[in-house]
Peer 1: 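Just passing along the structure, written as structure tokens.
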Amino acid sequence: MRLPPFQLHRPETLQEAVSLLAQHGEEARPIAGGTAMVPMMRFGFLRPEHVVSLKGIPGLDEISESDDGLRIGALTPLYRVAGSAVVRAQWPLLARAVGSVATPAIRNSGTLGGNLSYAEAASDPAPALLALEASVLLTGPEGDRTVPITGFFQGFYEADIRPGEVLVEVSIPRIPAGARWSYLRFAARSREDKPLVNVAVVATSEGVRIGLGGVSPTAIRARRAEAVLQGPGLTPQAIDEAADAAAEECDPLSDLMGTAEYRQDMVRVWLRRALTGLQ
């Protein structure tokens, strides 16, 4: 199946890319790895007249650690995030989640920024970044702005990216010493499939943070479940109550992989496992 016709632009700077996107408005789309956008174009879901490649722009594929935390350029390939010694040592939850994306070929081509911009409800990185309280940096015609990841996913395949904006960087704060974590995913057919349900948990002395994917139009923070765990801690009864609360705050869709009710049941099952198996 051929791609629809379009004009490809190869800007050499970030500002040039922003100018091109602003100039062509709704008829333009940025492209990074292309693992999501190209199939959508092949099947006719997207028909941009102008495609702005971000690949030639320097400085968008770097991973750096500082006293404040971790910064990952939006064009960093997923395999580099998952394999980074810094990420694996200091943010192992993120390494585990990103390393679970699809196949090695997809992880070699796909980028972290592209994955997040696609706003896939069943994304592997998204629940982990929600539990890690990450934020994203965007730049556009009106300058830079930082958006907490909790407010970045706004709807079904919809992210808080304004016209002309480009996602530049993902920032993750340091995890407190002694924190425990867990990442679990359940795919109905094979490991390479998108997860039917995935769960990311970070537990610190201040409380528990829970990210869920595949069970609402967007990846979500399970705030009600977190609230249940604030008082009694991770007792068996509290874990059961948190699992029920998480299932109730989800808004899953029914599809060929499972009904909404089945997904809610799987939230209960996999959140219990994640909470009892914290590392």
Side-chain angles (χ1 to χ4, degrees), residues 36 39-40 43 45-46 93-94 97-98 100-102 112 114-136 147-162 167 170 181-189 193-203 207-230 234 237-276:
M40 292 182 74
F43 285 103
F45 297 122
L46 279 179
L93 168 59
L94 182 60
V98 174
S100 300
V101 174
L112 183 60
N115 182 283
L116 299 179
S117 298
Y118 186 45
E120 164 67 59
S123 160
D124 282 286
L129 291 169
L130 284 165
L132 291 167
E133 296 191 321
S135 62
V136 298
V147 179
I149 199 75
T150 49
F152 183 65
F153 306 115
Q154 298 197 324
F156 192 61
Y157 291 103
E158 181 183 359
D160 183 12
I161 302 177
R162 298 171 183 170
L167 197 159
V170 180
W181 64 275
S182 180
Y183 179 75
L184 296 175
R185 73 195 305 274
F186 170 60
R189 294 172 295 193
D193 278 340
K194 296 174 183 178
L196 185 82
V197 172
N198 55 334
V199 181
V201 178
V202 173
V208 178
R209 304 194 296 263
I210 301 168
L212 299 176
V215 292
S216 286
T218 68
I220 62 169
R221 275 281 294 271
R223 301 286 189 180
R224 296 181 197 170
E226 293 175 359
V228 168
L229 298 170
Q230 289 296 325
L234 296 176
Q237 181 179 350
I239 288 174
D240 285 344
E241 291 178 3
D244 288 338
E248 291 171 3
E249 64 185 303
C250 293
D251 183 21
L253 301 173
S254 294
D255 58 22
L256 294 175
M257 294 175 64
T259 64
E261 293 78 12
Y262 179 64
R263 280 184 162 88
Q264 286 180 307
D265 286 340
M266 289 299 97
V267 169
R268 293 184 177 93
V269 170
W270 290 96
L271 182 54
R272 285 194 193 101
R273 294 184 183 182
L275 290 170
T276 56

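Hydrogens, waters and symmetry mates are skipped; everything else that's a heavy atom, side chains included, is used. In this chain, numbering begins with 1 at the start of the sequence shown.
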Peer 1: Would you confirm whether S254, through its side chain, and A260, through its main-chain N or O, come within 3.5 Å as a donor-acceptor pair?
Peer 2: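 A pair under 3.5 Å: yes.
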Peer 1: Please name the pair of heavy atoms, one in P127 and one in G213, separated by the smallest distance, quoted to 0.1 Å.
Peer 2: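 Looks like CG-N, 3.7 Å.
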Peer 1: Would the distance check show the side chain of E158 and the main-chain N or O of A119 forming a donor-acceptor pair, the cut-off being under 3.5 Å?
Peer 2: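 Judged by distance alone, no pair lies under 3.5 Å.
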Peer 1: For the pair E248 and R224, find out whether any cationic side-chain nitrogen is under 4.0 Å from an anionic carboxylate oxygen.
Peer 2: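 No.
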Peer 1: Does this structure show an ion pair linking E226 with R209, if we count only N-O contacts that are shorter than 4.0 Å?
Peer 2: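 No, E226 and R209 are not salt-bridged.
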Peer 1: When rounded to the nearest 0.5 angstrom, what distance separates CG in L94 from CH2 in W181?
Peer 2: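 It comes to 10.5 Å.
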Peer 1: Nearest 0.5 Å, what's the OG-CG distance between S117 and L167?
Peer 2: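 Reported value, rounded in 0.5 Å steps: 4.5 Å.
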Peer 1: NZ of K194 to CZ of R189: how many Å apart, nearest 0.5 Å?
Peer 2: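 If we round to the nearest 0.5 Å, K194:NZ and R189:CZ are 10.0 Å apart.
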Peer 1: Taking all atoms of both residues into account, what is the closest heavy-atom pair of C250 and A246, and its distance?
Peer 2: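 In this case the closest contact between C250 and A246 is SG-O, 3.0 Å.
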Peer 1: Name all residues meeting the ring-ring contact (aromatic ring centres under 6.0 Å, His included) criterion together with Y157; count only those two or more places apart in sequence or in a different chain, and write none if there are none.
Peer 2: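 Y118.
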Peer 1: Quick one: salt bridge (charged side-chain N to carboxylate O under 4.0 Å, His left out) partners of R162, sequence neighbours excluded?
Peer 2: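 If we apply the salt bridge (charged side-chain N to carboxylate O under 4.0 Å, His left out) test to R162, skipping adjacent residues, there are no hits.
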Peer 1: Side chains of D251 and S216: do they bring a donor and an acceptor to under 3.5 Å?
Peer 2: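 No - no donor-acceptor pair under 3.5 Å links their side chains.
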Peer 1: Measure from the side-chain N and O atoms of N198 to the backbone N and O of L184, and report whether any donor-acceptor pair falls under 3.5 Å.
Peer 2: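 Side chain of N198 to backbone of L184, a donor-acceptor pair under 3.5 Å: no, none is there.
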Peer 1: Can you name the nearest heavy-atom pair linking A242 to L275, along with the distance?
Peer 2: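 Result for this residue pair: CB-CD1, 4.4 Å.
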Peer 1: Run the side chain to side chain donor-acceptor pair (under 3.5 Å) test on S123 and N115 for me, step by step, so that the C-alpha distance in whole Å, both residues' side-chain angles and the decisive distance to 0.1 Å come before the verdict.
Peer 2: CA-CA 7 Å; S123 160; N115 182 283; 2.9 Å; yes
Peer 1: Looking at every non-hydrogen atom in both residues, tell me the closest pair between Y183 and A200 and how far apart they are.
Peer 2: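 Taking every non-hydrogen atom into account, CD1-CB, 4.0 Å.
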Peer 1: Inspect the contact between R263 and D255 and indicate whether a charged nitrogen and a carboxylate oxygen are less than 4.0 angstrom apart.
Peer 2: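 Result for this pair is yes, salt bridge flagged.
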Peer 1: M266 versus L271: any side-chain heavy-atom pair under 4.5 Å?
Peer 2: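 M266 vs L271: side chains apart.
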